[in-house]
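The structure displayed is predicted, hence computed values, not measured ones. Lettering follows sequence order; numbering is per chain, from 1.
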Amino acid sequence: MTTKTPSPQINMNQSEWPLWEVFIRSKQGLDHKHVGSLHAADATMAVQNARDVYTRRLEGVSIWVVESTHIHASNPDDSEAFFDPAADKVYRHPTFYDVPDSIKHM
Amino acid sequence: METLEKVLTPEEQFQARIDADIRIEPKDWMPDAYRKTLIRQISQHAHSELVGMLPEGNWITRAPSLKRKSILLAKVQDEAGHGLYLYSAAETLGTTRDQMLADLHSGKAKYSSIFNYPTLSWADMGCVGWLVDGAAILNQVPLCRTSYGPYARAMVRVCKEESFHQRQGFEIMQTLCEGATAQKEMAQEALNRWWWPTLMMFGPKDSESPNTAQSMNWRIKRFTNDELRQKFVDMMVPQAEFLGLTVPDPAVKWNEARQAYDFGEVNWEEFWAVVKGNGMCNHERLQARVQAHEAGAWVREAANAHAAKRAAREAVAA
Amino acid sequence: MLTQDLSSAKATAAAEPSLLFPYVLQLADTSLILAHRLSEWCGHGPILEQDLALANIALDLLGEARSYYQYAAELEGQGRTEDDLAYLRSAVEYRNPLLVEQPNGDFAHTIVRQFLFDNFHYHLLKTLKNGPDTHLAAIAEKSVKEAAYHLKWSSEWMIRLGDGTDESRQRLDKAIATLWRFAGELTTPTAAETTLQEIGVLPDYATLLAEMQAHTENVFAQATVPLPAPAFAQLGGKTGRHSEHLGYLLSELQYMQRTYPGLTW
């Protein structure tokens, strides 16, 4: 798809501001969480747009933005190979181990 | 399990995930028709939010008190936000906002016909909030559980914000109905104009809605048009009675056997006329959007040009 | 130092609600009229994200205006409400400077108008929040945070438009040429403002001007736009002599209250 000559549609989109993914920390102590995306011409504007779009109801105390094209994601086709092997490693979880009731603080 | 997977086609596997209420995410395989239908539905929804700003925006400068002015402006601004969330959701399916806007501006893409009706009095702000948003909420709440993840998440956000919209509309109506005669008349006159167009918001009758079955299967639609329309009437008639207003449909009557209100037939001729572009405001609404987009082109270009210049300078400095 | 000056005048200011009333009304009118102008953009902005930004600024200013009107009503003590003050005064009674009633024009005009206002507004609120009048200080304390963001937003747009494309630069130049003459009124005290400055309720505008000028120079340099020569200051709004634009604005703003007098909405 990327090897094709640019269609008129792609030319038109050159004027469109890039897409950014927005992550918001809702309160101190919590992780930033993905909340959506928006368009902005540059990073400064992206942070401000995120403030104006996604924190109008006290939703955040901190904002991260990442240009969408910079996000690298795992491939859903790989999901079995990636994630299923973790399913049988029960020994990684504390509940796998029997601890006598009389033992405290463990 | 292995043998089962081998006999299932991708379409069948896809449908099985949907049936199991597992959300579909952007990079997952999906049938082309699902993708296309979703792009059409989500962008139509986004366009409706965008165009929906205009009829209410028409009264921001004339709101009768500072409190109402603040509320109305915040509400119309929310609609811009909702449009933005929805465009973002659609963009995860591989289209762009520019493309969607181009389709809106060329008339290829539709938006909710209700916004092609004019807002003629302050009571219309009440009716739009109370009736139009009321109808929209019935449509939207089930979509919080729709099969496509980004759409469902956008809808959760929309519904959360939308909850004050209907209330503020009802409050406007209630204030009018408890006010002077002129205010009550204003409220009734607005209800007379908005009642039937609101019933049309749920779309054509089930018997004339051929895509409903597929959309329900894909869980991108969760109730039929007629089901939602009935729900709406059942919800609204008692509220109108509470306000002391008369719903402009002599056929409205409680049906004890059905445990629902009977109501008259929507004027489908009018419905199709407005869909086809012959509503009072089709022209103005689209014109206003095109104008805003075109008049904004140089602003968007300037910001891009400046970002490029700044990036180039930073590259040299580094 | 300014803070100390203002604090020492506390007793004088508290004793003179009749002196404070017209000034608080001036602040209220100013924020309301600009909020009204910005709200005209709603649904017509150059891109959705900026539509939201413009509405946010309008909502901040509207909230600020309401606080001032409520305080003014209290100072007046005649039983008038915020809505009475906003909706039932005529254009000659309005006290906003001419700048804020100027039409939106294109986006460049809106940005220049906003920048000129924000630069004054932010620096004024920064001193008012430490001023002797506790009520005014409380409003300023809240609003100065909003104004800081507004100034950031309009300054960045000044830079983008100035150092953007040829077209944006031409439009910005034109907007500056149109609006610069209204900047002077913001910092030219009326007789009423001078009195308040003398008793220490208001800062000497000369102290604000230095900070405003520094910020302007910084922004214009980044925007690659030469600083315009000081223009003839068009005065009048703050004493009730307005441009022709205000009448139309008020006829919309006040339409409902004038058509249906005395009702609750």
Original post:
Which atoms of B:Met186 come close to chain C, meaning under 4.5 Å heavy atom to heavy atom: side chain ones, backbone ones, both, or neither?
Top reply: side chain

Original post:
Is there a donor-acceptor pair under 3.5 Å between the side chain of B:Gln183 and the backbone N or O of C:Thr264?
Top reply: yes

Original post:
Side chain, backbone, both or neither: which part of C:Ala108 has a heavy atom under 4.5 Å from chain B?
Top reply: both

**OP:** Below 4.5 Å from any heavy atom of chain C, which atoms of B:Arg62 appear? Answer side chain, backbone, both or neither.
**Re:** both

**OP:** Please state whether the side chain, the backbone, both or neither of B:Arg285 comes within less than 4.5 Å of a heavy atom of chain C.
**Re:** neither

Original post:
Is the closest side-chain heavy-atom distance between C:Ser168 and B:Glu301 below 4.5 Å?
Top reply: no

Original post:
How long is the gap from OG on B:Ser65 to CG on C:Leu263, to the nearest 0.5 Å?
Top reply: 12.0 Å

Subject >> Atom CZ of B:Arg313 with >12 non-hydrogen neighbours under 6.0 angstrom >> reply: yes

Original post:
What part of B:Ala295 gets closer than 4.5 Å to chain C, counting heavy atoms only: side chain, backbone, both or neither?
Top reply: neither

Original post:
Given a strict heavy-atom distance threshold of 4.5 Å, which part of C:Asn56 is in contact with chain B: side chain, backbone, both, or neither?
Top reply: both

**OP:** Tell me, for C:Gln50 versus chain B, whether the close heavy atoms (under 4.5 Å) come from the side chain, the backbone, both or neither.
**Re:** neither

Original post:
What option among B:Leu101, B:Leu73, B:Ile60, B:Leu176 has the most heavy-atom pairs under 4.5 Å with chain C?
Top reply: B:Leu73

**OP:** Sort B:Leu54 into side chain, backbone, both or neither according to what part of it lies under 4.5 angstrom from a heavy atom of chain C.
**Re:** side chain

Original post:
Between atom CG of B:Leu50 and atom CG of C:Asp51, what is the distance when rounded to the nearest 0.5 Å?
Top reply: 8.0 Å

Original post:
Crowded around B:Lys309 NZ? As in, over 12 foreign heavy atoms under 6.0 Å?
Top reply: yes

Original post:
Which distance, rounded to the nearest 0.5 Å, do you find between the OG of C:Ser39 and the NZ of B:Lys69?
Top reply: 4.5 Å

Original post:
So C:Tyr255 and B:Trp59, would you call those rings parallel, tilted or perpendicular, with 30° and 60° as cut-offs?
Top reply: tilted

Original post:
Which pair of heavy atoms, one from C:Cys42 and one from B:Met53, lies closest together, and at what distance?
Top reply: SG-CE, 4.0 Å

Subject >> Partner chain C: residue of B:Thr175, B:Val299, B:Thr61 with the largest heavy-atom pair count (under 4.5 Å) >> reply: B:Thr61

Subject >> Toward chain B, the part of C:Arg171 with a non-hydrogen atom under 4.5 Å >> reply: side chain

**OP:** Could you walk me through whether C:Met256 and B:Arg68 pass side chain to side chain contact (heavy atoms under 4.5 Å, CB included), step by step?
**Re:** CA-CA 12 Å; C:Met256 289 294 292; B:Arg68 291 286 172 216; over 6 Å; no

Subject >> Option that, when pairs with chain B are counted at under 4.5 Å, heavy atom only, ranks first among C:Gln257, C:His36, C:His44, C:Glu167 >> reply: C:His36

Original post:
Of the non-hydrogen atoms in C:Pro46 and B:Gly296, which two are nearest, and what is the gap between them?
Top reply: CB-CA, 3.6 Å

Original post:
Is there a side-chain contact between B:Arg97 and C:Ile47 (heavy atoms, below 4.5 Å)?
Top reply: yes

Subject >> Interatomic distance, C:Asp60 atom CG to B:Ser70 atom OG [nearest 0.5 angstrom] >> reply: 11.0 Å

Original post:
Taking C:Arg37, C:Gln254, C:Glu252 one by one, which has the highest count of heavy-atom pairs under 4.5 Å against chain B?
Top reply: C:Glu252

Subject >> Toward chain B, the part of C:Ala86 with a non-hydrogen atom under 4.5 Å >> reply: side chain

Subject >> Largest heavy-atom contact set with chain B, pairs under 4.5 Å, which of C:Leu52, C:Leu62, C:Thr165 >> reply: C:Leu52

Original post:
With a 4.5 Å heavy-atom cut-off, do B:Trp298 and C:Phe107 have their side chains touching?
Top reply: yes

Original post:
What option among B:Gln291, B:Glu178, B:Arg310, B:Arg300 has the most heavy-atom pairs under 4.5 Å with chain C?
Top reply: B:Arg300

**OP:** Please look at B:Ala307 and chain C and tell me whether the side chain, the backbone, both or neither of the residue comes under 4.5 angstrom of a heavy atom of that chain.
**Re:** neither

Original post:
Are any non-hydrogen side-chain atoms of C:Tyr87 and B:Leu66 less than 4.5 angstrom apart?
Top reply: yes

Subject >> Per-residue contacts, residues 152-163 of chain C versus chain B, heavy atoms under 4.5 Å >> reply: C:Trp157, C:Ile159, C:Arg160, C:Leu161, C:Asp163

